[in-house]
Amino acid sequence: MRVSDRKSLLKARRNAVFYGILLLVSVATIAVIYCFRSPPPYYEVTDFTMGTRVRVVIASRKVSPKSLANLVLSEFKRLSAKYDPYDPRSVIYEINHSKGWVKVDEETFAIIEAAIRYARITHGAFDPTLGKLIDLWGFSDFERKKPTSVPNEKDIEEKLAETGYENVDLDRSNMAVRLRNGVWLDLGGLVKGYALDRAYNIVRNVDKDATGFIDAGGDIKIIGPKYGKLPWTIGIRDPFGSPSDAVDYVYLREGAIATSGDYERYFIENGIRYHHIFDPKTGYPARGARSVTVISKDAVLADVFATAGFVMAKDWRYVLVEFPKYGAHVFMVMDSGEIHKDPFFKVYESKR
Ligand code: AMP
Ligand code: MG
């Protein structure tokens with residue numbers, strides 16, 4: 001090898017080492033910047049829809065969080081209009097006021113089918129056919145009017161006779177629904193949960209790394225952990241205290257939480273509290289609990305089981321054993337002030 005050849009070989013080697021180090025340093029710098037870059041800020045908006053206050057707290061690196069929040073709110077508005085039993089343009093109004101089979105769209109069929117399945121699972125404690133009873137009492141999740149007095153007993157009996165989920169026929173091959181014996185659907189016990197799950201899916205389809213949560217009047221779906229890693233702290237309202245008092249705190253990075261409480265919609269007559277969650281056996285507001293909270297993966301499941309758990313409060317032992325089998329973890333505040341929770345619930349009470 002000539003001297004000049006050896007020199008150029010050495011030079012090439014030196015260059016290779018230099019550029020190799022430069023590449024390593026650049027990659028390491030980018031990695032450090034990536035790891036320690038500040039998380040995107042949270043955008044927050046509140047609107048009134050589906051008869052409740054809907055609060056969206058959301059952050060995204062990919063798209064404007066405001067546009068994601070708008071998607072959430074439009075989905076709530078779409079579902080609110082579609083399933084409001086008192087809006088003559090809604091599909092529920094159409095079904096309730098039709099005799100015989102009514103053809104419905106796939107989404108509506110799936111929701112009603114799910115509602116009937118939950119009614120069976122909860123032995124009718126959750127019953128989506130209480131429409132006429134709820135109308136008589138004047139409570140509805142969609143309407144904002146406030147009832148002030150107990151209807152007379154005879155009317156309650158009459159309307160109660162026109163309830164019962166076994167009066168709903170479903171024909172999947174024709175996508176048709178039929179109500180018998182004068183029953184009316186009211187999906188108020190599940191539609192908020194459904195809207196939360198739908199809104200979550202819409203957001204995640206646009207940005208799978210978006211984080212934040214949606215709070216629909218106390219029913220919450222987590223979009224993603226705070227700043228991408230921390231759990232959100234959620235207070236469970238103390239039904240014996242003021243709206244800002246919490247009886248417990250849970251920490252969630254994902255999933256949903258729903259509470260059914262007797263403080264949401266109620267009036268007091270002769271010192272007795274009458275609220276919006278009905279015992280389908282009696283036609284009167286369910287007794288035994290002040291609030292029931294359920295944590296689960298899906299908001300619709302949490303919503304349904306919170307309502308059902310409230311109705312089944314007197315059978316709280318059964319609730320604590322059976323509901324977790326469906327992935328629903330329960331926290332109950334009883335009339336007496338006692339608290340019952342299933343063994344798994346404590347996992348959510350620690351920050352982990
Ligand atoms: P929530 O606040 O989720 O417990 O839902 C209460 C709403 O569900 C009420 O405003 C009614 O529209 C409806 N509802 C009341 N009682 C029942 C029940 N036993 N089963 C199913 N839905 C109910
Ligand atoms: Mg509910």
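What you see is a predicted model, and the numbers here were worked out from it, not measured in a lab. Only this structure's heavy atoms are used, side chains among them; waters, hydrogens and symmetry mates stay out. As the structure lists them, so they are numbered: ligands from 1, and atoms in each ligand from 1.
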| request: Output yes when Lys221 and Asp197 qualify as a salt bridge under the 4.0 Å nitrogen-oxygen rule, no when they do not. | output: yes

| query | Mind checking whether Tyr86 and Trp184 have ring centres under 6.0 Å apart? | reply | no

| said: Can you classify the ring geometry of Phe345 versus Tyr348 as parallel (below 30°), tilted (30 to 60°) or perpendicular (above 60°)? | reply: perpendicular

| query | Looking at Phe139 versus Tyr274, is the centre-to-centre ring distance below 6.0 Å? | reply | no

| message | Side chain, backbone, both or neither: which applies to Glu264 and ligand 1 if a contact is any heavy-atom pair less than 4.0 Å apart? | response | side chain

| request: Please verify whether a non-hydrogen atom of Phe278 lies at under 4.0 Å from ligand 1. | output: yes

| query | Under 4.0 Å from ligand 1, counting heavy atoms only, is it the side chain of Ile277, its backbone, both or neither? | reply | both

| said: Could you tell me, atom by atom, which parts of ligand 1 come under 4.0 Å of a heavy atom of Ala125? | reply: 18 (C), 19 (N), 20 (N)

| Charged N to carboxylate O under 4.0 angstrom, Arg89 versus Asp87? | yes

| Ligand-residue contact atoms, ligand 1 with Pro280, heavy atoms, under 4.0 Å | 19 (N)

| message | Side chains of Thr211 and Tyr42: any donor to acceptor distance under 3.5 Å? | response | yes

| query | Is it the side chain (CB and beyond), the backbone, both or neither of Leu130 that lies under 4.0 Å from ligand 1, heavy atoms counted? | reply | side chain

| note | atom 23 (C) of ligand 1: of Thr122, Val294, Thr307, the nearest heavy atom sits on Thr307

| message | Quick check for you: with the Mg ion (ligand 2) as the vertex, what angle do O of Asp303 and OG1 of Thr307 span, to 10°? | response | 80°

| field | Minimum non-hydrogen distance to atom 14 (N) of ligand 1, winning option of Thr259, Thr52, Asp219, Ile134 | value | Ile134

